[in-house]
Structure formats: structure tokens, C-alpha cells
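All figures in this text were calculated on a predicted structure; none of them were measured in a lab. Letters A, B, ... mirror the listed sequences (proteins, then strands); counts begin at 1.
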Protein chains: 4
Amino acid sequence: MTETLDFPGDQPRPSGWLSPDQIGAVRTQVPVVYVDAVPVRVDECGDVVEVGLLLRVTPEGVMSRALVSGRVMFHERVRDALQRHIEKDLGPVALPQIPASPQPFTVAEYFPTPGVTPYHDPRQHAVSLAYVVPVHGDCTPQQDAIDLAWITPEEAVSEAIQLEMHGGAGFLLRQAMAHVGRTV
Amino acid sequence: MTETLDFPGDQPRPSGWLSPDQIGAVRTQVPVVYVDAVPVRVDECGDVVEVGLLLRVTPEGVMSRALVSGRVMFHERVRDALQRHIEKDLGPVALPQIPASPQPFTVAEYFPTPGVTPYHDPRQHAVSLAYVVPVHGDCTPQQDAIDLAWITPEEAVSEAIQLEMHGGAGFLLRQAMAHVGRTV
Amino acid sequence: MTETLDFPGDQPRPSGWLSPDQIGAVRTQVPVVYVDAVPVRVDECGDVVEVGLLLRVTPEGVMSRALVSGRVMFHERVRDALQRHIEKDLGPVALPQIPASPQPFTVAEYFPTPGVTPYHDPRQHAVSLAYVVPVHGDCTPQQDAIDLAWITPEEAVSEAIQLEMHGGAGFLLRQAMAHVGRTV
Amino acid sequence: MTETLDFPGDQPRPSGWLSPDQIGAVRTQVPVVYVDAVPVRVDECGDVVEVGLLLRVTPEGVMSRALVSGRVMFHERVRDALQRHIEKDLGPVALPQIPASPQPFTVAEYFPTPGVTPYHDPRQHAVSLAYVVPVHGDCTPQQDAIDLAWITPEEAVSEAIQLEMHGGAGFLLRQAMAHVGRTV
């Protein structure tokens with residue numbers, strides 16, 4: 001939930017992008033469609049051996065670990081949004097294996113009011129389709145991320161990592177590990 | 001995808017409802033979050049024995065069969081939207097068994113442009129979470145529906161019924177029957 | 001994984017039941033098909049409010065909490081096995097809502113060797129289809145269970161409860177809570 | 001459901017394989033755990049573009065199209081069985097993407113008695129976990145298969161292909177296409 005939804009103000013916006021005013025208005029009116037991707041490395045049997053977490057510094061200067069996450073644009077398919085956000089966050093040669101089925105492992109409902117669900121986003125009400133996505137290529141942190149760390153499933157669900165994730169992302173990560181049958 | 005999204009113009013709008021202008025503007029800017037529910041009767045082993053289809057007359061005077069479908073409002077949980085739309089379409093004593101898990105059996109992506117996906121809605125881009133929902137109580141068609149027909153899974157996937165469904169609803173119904181292990 | 005698979009030796013065996021010798025031989029040769037059910041109470045929106053755990057005393061005299069679990073018999077459908085084991089463990093008026101879809105939320109692979117998977121059963125290799133099953137009626141512990149406790153999802157995933165579950169049942173319970181979107 | 005479960009009689013059996021007598025006895029006593037894999041080619045967005053079907057000649061001389069299918073052995077994980085059977089049927093360089101999650105898209109229950117479920121296997125009661133598996137490498141038919149045909153999802157669900165599949169495999173293929181959101 002750390003994506004900058006607004007397009008940089010000093011460039012012409014491509015189709016599908018909204019101005020800061022437009023997205024601000026939408027966010028007070030309807031839930032926004034999102035995707036969350038948990039990037040993983042798998043062995044040849046499909047077993048998850050590592051999870052990729054982005055490291056970002058929030059505007060308040062706090063270090064925060066994040067999943068790949070972002071908005072689905074008007075007239076964009078969910079699978080295209082998944083691919084776009086993974087490329088945006090992990091680079092153009094991550095070689096993600098976007099799932100063949102659109103069935104997500106869960107739906108994360110981020111509410112602007114804390115406590116309604118386990119997920120929280122002060123900016124908006126987002127309904128996010130969550131997928132585990134194996135990546136086979138080289139991944140490098142992009143844009144505002146300062147690092148991409150590959151950790152074990154056991155580390156992913158540890159208290160130490162959970163404390164560095166915000167807005168319910170840690171909970172979603174635990175759900176992902178439960179879904180793939182690794183330690184919760 | 002037959003829901004009237006606008007609140008009737010001559011009444012004060014409760015929180016979460018948008019004016020026709022507002023929803024019209026939103027629909028050109030972002031995908032709208034929807035739920036689709038396939039109401040079913042099950043036997044004591046959970047096996048689907050009947051599927052409920054609404055019969056409506058479109059503004060063009062065409063008879064059309066429809067699933068329960070509708071928008072998720074701002075600050076509304078998916079499970080609350082499911083319950084609200086089932087009550088709206090099947091009446092207050094349908095006793096739906098809303099699924100314990102938010103994982104939908106599929107995600108139906110209704111595009112304003114036909115052919116991008118199997119689903120189509122000329123008014124908007126809707127991303128709809130689809131669920132099979134057993135109902136145990138009395139169901140009566142509400143509002144604009146002129147009938148509620150209970151048919152067998154075999155009838156549900158027949159050509160005759162498929163021809164009476166529009167915008168991909170027939171395809172979604174077939175997917176639902178495949179998901180519950182009944183004839184596709 | 002606490003079910004007694006053998007039929008009591010002093011009664012004629014109905015069709016589908018195996019003698020202790022027969023089931024003993026099978027268990028050394030092939031994986032055995034099981035079902036695991038997590039009985040839950042849900043509110044009218046389908047949200048899980050309570051989880052039912054059986055309390056048993058193991059042959060070694062240890063108190064142990066367990067899910068509903070048991071073998072699928074020859075020529076028995078999975079949904080019939082689910083219903084039979086829930087009735088066997090929770091009584092005849094539990095009114096379980098057996099899922100309409102056969103898709104389990106996970107597959108628990110109990111190995112006779114500890115550590116291959118998170119699940120362990122010293123007696124056998126069991127492949128268990130796991131379901132969350134809402135129950136609406138009166139539940140009373142049957143047979144060898146000395147109690148049936150209804151606890152909150154938060155308690156269900158707590159260390160205290162996890163320590164009282166064995167063979168990976170605690171892990172499976174956490175997976176179930178993750179699947180329904182409650183605390184993991 | 002066309003796998004030869006017996007190990008060739010003139011060779012020593014590796015661990016996990018049963019003699020024809022042993023597997024014959026087991027098959028009359030308990031359901032046998034199986035996996036079914038629908039091999040697919042996907043584009044870079046994960047969308048299914050082709051489905052792989054094996055062509056076999058039955059002992060009765062009938063041409064038959066089949067999915068990848070086979071038994072899970074004692075002390076074998078489901079994901080290892082999936083990989084083994086795909087290699088056995090498609091060759092050693094098929095590069096299958098075994099799913100990270102053990103959650104199957106459905107469970108196919110093959111009964112020795114026709115009509116209990118949509119699936120039928122005269123030899124046994126098999127409970128089969130079904131997965132869609134993208135393959136990225138070169139696939140060549142092995143053993144008793146005389147061809148491997150790659151067809152479109154539309155062809156896969158056509159009457160012509162359905163008539164060439166037996167025991168419910170055509171139904172399972174339609175379920176797989178429904179699951180990935182392609183035509184049913």
C-alpha cells in the first residue's frame with residue numbers, strides 16, 4: 001500500500017492515469033481496486049524457498065518492508081496490473097510467473113478507518129486481490145525502494161519482520177505463507 | 001451487472017451512495033468493485049441441487065436472466081455487500097450462507113469494450129468478486145425482477161439458459177457450476 | 001489425526017470398514033485419503049466468530065486439542081465423509097454447512113516421518129483435504145472426546161492453544177484462520 | 001486415469017512401488033490418492049494460450065486423449081508426484097511450474113461405479129487433486145503416448161475433443177478452463 005498513485009505532476013499523463021485531484025476525489029467515493037503480489041523464489045517442485053520484501057523509507061523517515069502493491073487502472077486487466085507493478089518494483093527482467101487463474105488466495109480490504117479489517121490505509125478504501133507470484137529472473141529494487149531482501153518463509157513470519165511491515169502487510173504475508181503451506 | 005447504481009434522485013442519499021453525476025464520473029476513471037453471487041440450494045451434503053436465476057426485462061424490452069450482482073460501496077466490507085445485494089434481490093428472509101473466506105471462486109472483469117475478457121458491461125469497467133452462496137430461506141424476487149426461477153445445474157449450463165443471459169453472466173454461471181463440481 | 005480407523009473388533013463390520021490387519025497393511029503401502037474439518041460458528045455475514053476444538057486424552061494420558069478428522073472410505077464421496085465425521089465427533093444435530101465446492105483450502109500431508117512437511121502422523125502417510133465448516137446446530141462431544149470448546153479466532157492461534165495441538169493440527173488451524181481472513 | 005500403476009514385473013521394484021497383487025488388493029479396500037495435471041502454455045501475463053493433451057491408444061484399440069495423471073506413492077509429497085508424472089509423460093525437459101500452493105482447483109473423485117460423480121475409473125476409487133501446470137520447456141510424449149497435441153482453450157472444450165476423452169477427463173478439462181477464466 002505504498003504505491004504513489006499520482007502520476008508525477010510535471011509530465012503528461014498517459015491514458016489511465018488520473019491527476020492528483022481526480023484520484024483524490026475518487027478515493028473519497030468508491031473503493032479502489034488493487035493487486036498485492038508476494039514475490040517468491042521456488043525450487044523445482046514449486047516449494048517456496050524465499051520471499052522478496054522491498055525496503056522503503058516512509059515520508060516520516062521510518063524504515064518499512066513492503067510487498068509489491070498497486071492500483072488496477074481503468075481498462076486494465078488484473079493480470080496486466082500484476083505484471084506492471086512487479087516490473088515497476090522489481091525491474092524489467094524479474095520474469096514473474098503471473099498465475100494462470102484469476103482466483104486470488106485472499107482479498108485484502110484496506111479501510112481508511114483502522115480496526116474494521118486487519119488491513120489499513122489512511123488514504124483510501126482499497127480492495128486488493130492478493131497473489132503469490134514466483135519470479136525466476138534478476139530482481140532489483142526500483143524507484144523509491146532502497147533494497148530488496150530475500151528471506152526465508154520462517155523469517156517472513158517472524159516477529160522481527162512483522163514489526164517492520166505496516167497497514168496489515170505483515171498479516172497478508174502470513175496469509176500467503178499459510179496458503180503455500182509454509183510456517184505461519 | 002443489471003444493478004441500478006444510482007440512488008433514486010428524489011430521496012436524500014444515505015452515506016456511501018453517489019449521485020448519478022458522481023458515479024458517472026467515477027465510471028470513466030477507475031474500475032468499480034463489484035460482487036457477483038450465484039444463489040444455490042444445497043442438500044445436506046452441500047451438493048448443489050438448484051440454482052436461482054432472476055428474470056428481468058431490460059430497458060429495451062428483452063427478457064434476461066441474471067445473477068445477484070452489485071457494487072461494493074465506500075467503507076463497506078465485501079461480505080456486507082454480498083449480504084446487502086442478496087437481500088435486495090431475494091428478499092429479507094433468504095437466509096444466505098455468506099462464505100467464511102473472502103477467497104472468490106473467480107474474478108470477473110467486465111470491460112466496457114467487448115472481447116477483452118468474456119465479460120462485458122457497456123457502462124463501466126467492473127472488477128467483480130464471484131461467490132457461490134447457498135440460501136436456506138424463502139426467496140422472492142424484489143424490485144425490478146419479475147421472477148426468480150430455480151433450475152437444475154444441468155439446465156443452468158444449457159444453451160437455452162445461456163442464450164437468455166448477457167454480458168458474460170452465462171459464462172460466470174458455467175464457471176460456478178464447474179467450481180462446485182457439477183456439469184459444465 | 002486422532003480417529004480410530006479400525007472398527008471395533010467385536011462387531012460385524014459394515015461395508016467400507018477394514019479389519020485392523022487390513023488397514024494396517026494398507027497404511028504401509030499407500031497414502032490414505034483423509035478429511036480435516038475446522039468447525040466454526042459464523043455471524044450473519046459469514047464472519048467466523050468461534051472455532052470448535054475437541055479435547056481428548058491420548059493413550060499416553062496427555063490432554064490434546066483436535067480438529068474433526070477422519071478417513072474417506074472406499075466408495076465414499078469426500079462430502080459424505082465430511083458429514084459423517086462431523087456427525088461422529090459433534091453429534092447428529094450439529095447442522096454442518098458442508099461446502100458446495102470440493103476445493104479444499106489446503107491439503108495437509110501427514111507423514112510418518114517428522115519434518116518432511118509441517119504435519120506428522122506416526123501411524124501412516126495421510127493426504128488430508130481440509131475444509132472450514134460452519135455448524136449451526138447443537139454440538140456435543142462424542143465418543144472419546146471429553147469436551148468441545150468454542151474459542152475465538154484470536155485464542156485459536158495463540159501459543160497456549162497451539163501447544164495443546166499435535167501432529168501439525170495447530171498449524172492447520174492457523175492456516176484455516178488465515179484463509180478466512182482472521183488473525184494468524 | 002490411464003497410468004499403469006503396476007511396476008513392470010520383470011524388474012526389481014524401487015521403494016514405494018507395489019506389486020500387481022498388492023495394488024490390486026489396495027484398490028478394493030481404500031480410495032487411492034492421485035494427481036491430475038492440465039499442462040498449459042501461458043503468455044507473459046499468465047494467460048493460457050494452449051493446452052497439452054496426450055494421445056493414447058487404449059487396450060481396446062480406441063484413440064483417447066488424456067491429461068497427465070498418476071498415483072501419489074507412499075511417502076511421496078503431492079508436489080513431487082506432480083513433478084514425477086509430468087516428467088514421465090512430457091519428458092525430462094518440460095520445465096513445469098509446479099504450483100507454490102497445494103490448494104488444487106478441484107478434487108476429482110473417480111468411482112468404479114459410473115454415475116456417482118462425473119468421473120469414472122473401472123479399476124478403482126481414486127481421489128485426485130487437480131492442478132493447472134504451466135510448462136515452459138520442450139515436451140515430448142513418452143512411453144505409451146503416441147502424440148502430444150497443443151490445442152487452444154476453445155478447442156479444448158469443444159465437443160470434438162470432449163468425445164475423445166474418457167472417464168470424466170473431458171469434464172475435468174472444462175473445469176480447468178473455467179478456473180483459468182477461459183471459455184467453458
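- Using a 4.5 Å cut-off between heavy atoms, B/Val107 contacts chain A through both its backbone and its side chain.
- A/Glu44 CD: 12 or fewer foreign heavy atoms inside a 6.0 Å radius.
- Judged by distance alone, the side chain of A/Gln29 and the main-chain N or O of B/Ile23 form no donor-acceptor pair under 3.5 Å.
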Item to complete: Take B/Val32 and A/Val33 through the side-chain contact (heavy atoms from CB on, under 4.5 Å) test and state the conclusion after the steps.
Response: CA-CA 7 Å; B/Val32 181; A/Val33 184; over 6 Å; no
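- Nearest heavy-atom pair, B/Glu109 versus A/Arg77, reported as atom, atom and distance to 0.1 Å: OE1-CA, 3.3 Å.
- The neighbour count for B/Asp147 CG, taken as heavy atoms of other residues, nucleotides or ligands under 6.0 Å away, is above 12.
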Fill in: From CA spacing to verdict: side-chain contact (heavy atoms from CB on, under 4.5 Å), B/Val127, A/Val127
CA-CA 10 Å; B/Val127 175; A/Val127 175; over 6 Å; no
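- Nearest heavy atom pair, residue B/Pro104 against residue A/Gln103, reads O-NE2, 3.0 Å.
- Residue B/Ser101: no heavy atom, backbone or side chain, is found under 4.5 Å from chain A.
- With a 4.5 Å cut-off on side-chain heavy atoms, A/Arg71 and B/Val30 count as touching.
- The most heavy-atom pairs under 4.5 Å with chain B, out of A/Thr117, A/Thr28, A/Thr106, come from A/Thr28.
- Within the 3.5 Å criterion, the main-chain N or O of A/Phe74 finds no donor-acceptor partner in the side chain of B/His125.
- Looking only at heavy-atom pairs under 4.5 Å with chain A, the residue among B/Ala108, B/Ala130, B/Pro102, B/Ala25 that has the most is B/Pro102.
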